[in-house]
Amino acid sequence: MTLQVDQELSKHVSIKTPLPGPKAKEIIEKEKKYVATGTKCWETPAVPARGQGVWFQDVDGNVLMDWTNGMVDLLGHSHPKWVQEVSEQLQKYVYFNAPDFPSPLQADIAETLCRLAPGDFPKKVFFSSTGTEAVEAAYKVARIGTKRNMIMSFLGDFHGRTTGSLATTTSKSVQRQHYTPYLTNTYALPFAYCYRCWYTLEYPSCDLHCAHVIKRYLKTVLPPEDVAAFVFEPVQGEGGYVVPPVEFFQILSDIAKSHGILLIADEVQTCFGKSGYWFASEHFGIVPHIVAMAKGLANGAPMGATTLPAELDFPKQGIHSNTFGGQAISCAASLATVKIIKEEKLLDEVKSKGKYFKDKLMELKDKFSCIGDVRTLGFLMGVEFVKDRKTKEPAKELRNRIVEECYQSGLLILSCGESGIRITPPFVITRDEIDLGVGIIQKGMEKALRQ
Ligand SMILES: Cc1ncc(COP(=O)(O)O)c(C=O)c1O
C-alpha cells in the first residue's frame with residue numbers, strides 16, 4: 001500500500017494574520033475553558049493544522065518553523081517512511097491486549113532496545129506509555145532488586161510528575177506545590193551545573209567537588225547499604241539544558257560501583273539520538289544499569305520503556321504491569337524510528353549539524369552580552385540569558401520577550417530553567433533552515449533588547 005503524504009508545505013515562514021490568528025483564538029478559548037491547567041505556552045500559542053519536517057502550518061494558514069518538536073518528533077513532522085510504516089500497522093490492528101499476549105512487534109522492539117541500550121549484559125524491557133511511568137518502573141526494579149529503598153537524585157533534575165518520580169523532581173518547586181508526601185527515602189544532591197555551581201566553585205579548578213563530596217554524604221547521612229540507586233538526567237532538560245563535565249558521571253559511576261548502588265539514567269528527554277548517540281550516557285562513557293526512555297522513542301507515538309538487567313527482572317508475575325505498554329502502534333512507530341535513524345545515518349547528522357548549530361550560537365554569544373552561557377550536546381541545546389555577565393542575574397523577562405518575538409516572526413522555541421531557551425529541532429533540519437532560525441533569534445533578541 002502506498003500512502004498519500006500531505007502536499008508539500010512551502011518551506012518558508014509566512015505570517016498572514018496577527019498571531020494567534022482568529023481561528024487559533026477560538027481554539028485557545030475553548031481549551032482555556034475545558035482543558036485543565038498544565039504547561040501550555042499561552043504567550044506563544046501555536047495551533048497546528050499540519051506539519052512537515054521542521055515546518056508546520058497553523059489553523060489560520062500561517063507557516064512557522066518548529067524548533068520544539070525534535071524533543072519528541074525526532075524525524076520531523078510527518079516523515080513519509082515513518083507515516084507509511086505506522087499506517088500499515090494501523091490497518092492490521094491497533095490494540096491486541098498488549099500486556100497479556102505476546103506480539104512480534106513487542107518482541108522485536110524489546111530485542112532492539114536491549115541491544116541499543118548501553119552495556120554488554122543481558123537485559124529486559126518494561127514497556128509503558130510515558131516518561132514518568134518509565135521512571136517509576138526503574139525505581140521499582142531498583143528497590144525490589146537491591147532490597148534497599150533509598151533513591152538519590154540531583155538538584156535541578158526533572159523525572160516526572162507522578163508521586164514516585166515527583167519525589168526526585170527538583171527543577172522547579174511549583175511542580176511539588178501542595179502535594180506532599182511523595183515517595184519517601186529520596187534525597188537530592190547538587191548537580192554539576194558549572195555555570196551556576198552550587199558550591200560557587202569554578203570548573204576545572206573545583207576538581208569536581210560536587211562529585212567527590214557524595215562520598216561524604218554516604219559516610220554521614222546516607223548509609224550506602226540502604227541506597228538502591230542514583231538516578232540522573234545525563235543532560236538536565238527542564239532544569240536548563242545543563243551539560244555536566246564527563247568526569248562528573250565517571251566519578252559518580254565509580255562511587256556507585258564501590259557500594260553496589262545501581263545507576264538509573266533518566267534518558268526520557270535525551271534518548272534516541274538527540275545527543276548524537278542513541279543514549280547520552282554513551283557520551284559520558286558510563287554504563288547505567290537501568291535506562292528510562294520515552295519522548296522520542298517512538299517519534300511521537302506515546303511510548304515509555306525501561307531497560308533493566310535481566311537478573312533484576314520482577315521476581316513474580318503481576319508485580320508490575322499496565323494496559324498500554326507495548327501496544328502495537330507505538331511498537332511499530334519505535335521500530336520505524338530506529339530503522340530510519342539507521343538508514344538515514346541521522347546520528348552522524350546530529351553530530352555534524354549539532355556542531356554547526358553550536359558555532360552559530362557561539363557567534364550570537366560573542367555579539368550579545370545578555371547571553372550568559374551556551375550549552376550543547378548534539379541537538380540538545382540550551383542558551384541562558386542574564387542581565388549582567390558578571391553577576392549572572394537571570395534575565396527571565398528578556399528570555400520571555402525573545403521567545404515571544406521569535407514566535408511572532410515565525411519560529412517556535414521553548415523556555416527551560418529560570419532564564420534559558422532550549423533548541424530541539426528535528427534531525428532532518430537543513431543548514432539553511434538552521435541559518436534562517438538563528439537569524440530569527442538574532443532579530444528577536446535585538447527587538448527584545450530595545451523594549
Ligand atoms: C528527563 C525526563 N524524565 C521524565 C519526564 C516525564 O515524562 P512524561 O511527561 O512523559 O511523563 C520528562 C518529561 O519532560 C523528562 O524530561
Side-chain angles (χ1 to χ4, degrees), residues 36-41 68-74 117 126-142 151 153-172 174-176 179 182-183 186 188 191 193 229-244 249 263-275 279-281 283-284 288 290-307 322-325 327 330 333-334 375 377-382 414-417 420-424:
T37 301
T39 55
K40 289 269 154 83
C41 307
T68 69
N69 69 327
M71 206 192 310
V72 171
D73 203 350
L74 308 177
F126 176 80
F127 287 116
S128 52
S129 319
T130 61
T132 196
E133 260 189 289
V135 170
E136 299 269 356
Y139 295 173
K140 204 162 168 182
V141 167
I151 306 277
S153 62
F154 292 93
L155 292 167
D157 277 2
F158 185 89
H159 296 299
R161 287 186 172 89
T162 50
T163 33
S165 62
L166 185 61
T168 50
T169 285
T170 50
S171 56
K172 294 189 179 99
V174 68
Q175 292 147 353
R176 329 176 105 224
Y179 199 55
Y182 321 109
L183 182 74
T186 60
F191 190 63
Y193 183 0
F230 290 115
V231 60
F232 57 85
E233 288 181 86
V235 173
Q236 283 185 337
E238 168 71 16
Y241 272 48
V242 181
V243 186
F249 283 125
L263 291 179
I264 301 175
D266 178 348
E267 298 243 16
V268 166
Q269 188 149 168
T270 51
C271 74
F272 256 41
K274 274 175 242 164
S275 63
F279 296 95
S281 296
H283 162 77
F284 296 97
I290 301 175
V291 181
M293 47 191 106
K295 291 200 192 284
L297 182 58
N299 192 45
M303 185 168 188
T306 311
T307 53
N322 56 20
T323 300
F324 284 115
Q327 71 100 328
S330 300
S334 190
R375 300 181 283 266
L377 179 61
F379 269 18
L380 298 159
M381 295 174 273
L414 281 180
S415 61
C416 66
I421 55 168
R422 60 185 122 180
I423 298 175
T424 58

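Atoms within each ligand, like the ligands themselves, are counted from 1 in listed order. Residue numbers start at 1 and run along the sequence shown. Predicted model only: the values in this text are computed from it and were never measured.
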- Message: Minimum heavy-atom separation for Leu155 and Gln236, please, with both atom names.
- Response: O-NE2, 3.0 Å
- Contact atoms of ligand 1, heavy-atom distance to Glu233 under 4.0 Å: 1 (C)
- When distances are taken from atom 2 (C) of ligand 1, the protein heavy atom at minimum range is Phe158 O, 3.2 Å
- Query: Taking both backbone and side-chain atoms of Val268, is any N or O found less than 3.5 Å from an N or O belonging to ligand 1?
  - Reply: no
- How close does the nearest protein non-hydrogen atom get to atom 11 (O) of ligand 1, and which residue and atom is it? Thr132 N, 2.9 Å
- Task: Show your working on side-chain contact (heavy atoms from CB on, under 4.5 Å) between Tyr241 and Ile423 and close with a plain yes or no.
- Result: CA-CA 9 Å; Tyr241 272 48; Ile423 298 175; over 6 Å; no
- Query: Given side chains that start at C-beta, do those of Phe126 and Val141 come closer than 4.5 Å, heavy atoms only?
  - Reply: no
- Heavy atoms, side chains only, cut-off 4.5 Å: are Gln269 and Phe158 in contact? no
- Relative to the ring of Phe279, is the ring of Phe272 parallel (under 30°), tilted (30 to 60°) or perpendicular (over 60°)? perpendicular
- Task: Using a strict cut-off of 4.0 Å, indicate which atoms of ligand 1 neighbour a heavy atom of Thr130.
- Result: 10 (O), 11 (O)
- Message: Taking only non-hydrogen atoms of Glu133, do any sit less than 4.0 angstrom from ligand 1?
- Response: no
- Query: Counting only heavy atoms not in Tyr182, do more than 12 fall under 6.0 Å of its OH?
  - Reply: yes
- Taking N or O atoms only and a 3.5 Å limit, does Gln269 qualify as a polar contact for ligand 1? yes
- Message: Geometry only, no angles: is Gly131 polar-contacting ligand 1 at N/O separations under 3.5 Å?
- Response: yes
- Message: Would you say that Cys271 contacts Lys295 through its side chain, given a criterion of any heavy-atom pair below 4.5 Å between the two side chains?
- Response: no
- Task: Mark the output for Glu238 as yes if a heavy-atom distance to ligand 1 is under 4.0 Å, and as no if none is.
- Result: no
- Name the closest protein heavy atom to atom 9 (O) of ligand 1, giving the residue it belongs to and the distance to 0.1 Å. Lys295 NZ, 4.7 Å
- Query: Is it the side chain (CB and beyond), the backbone, both or neither of His159 that lies under 4.0 Å from ligand 1, heavy atoms counted?
  - Reply: backbone
- Message: To check your reading of the model: name the closest protein heavy atom to atom 3 (N) of ligand 1, its residue, and the distance in Å.
- Response: Asp266 OD2, 2.7 Å
- Regarding Ser275 and Thr270, is there a side-chain donor-to-acceptor distance under 3.5 Å anywhere? no
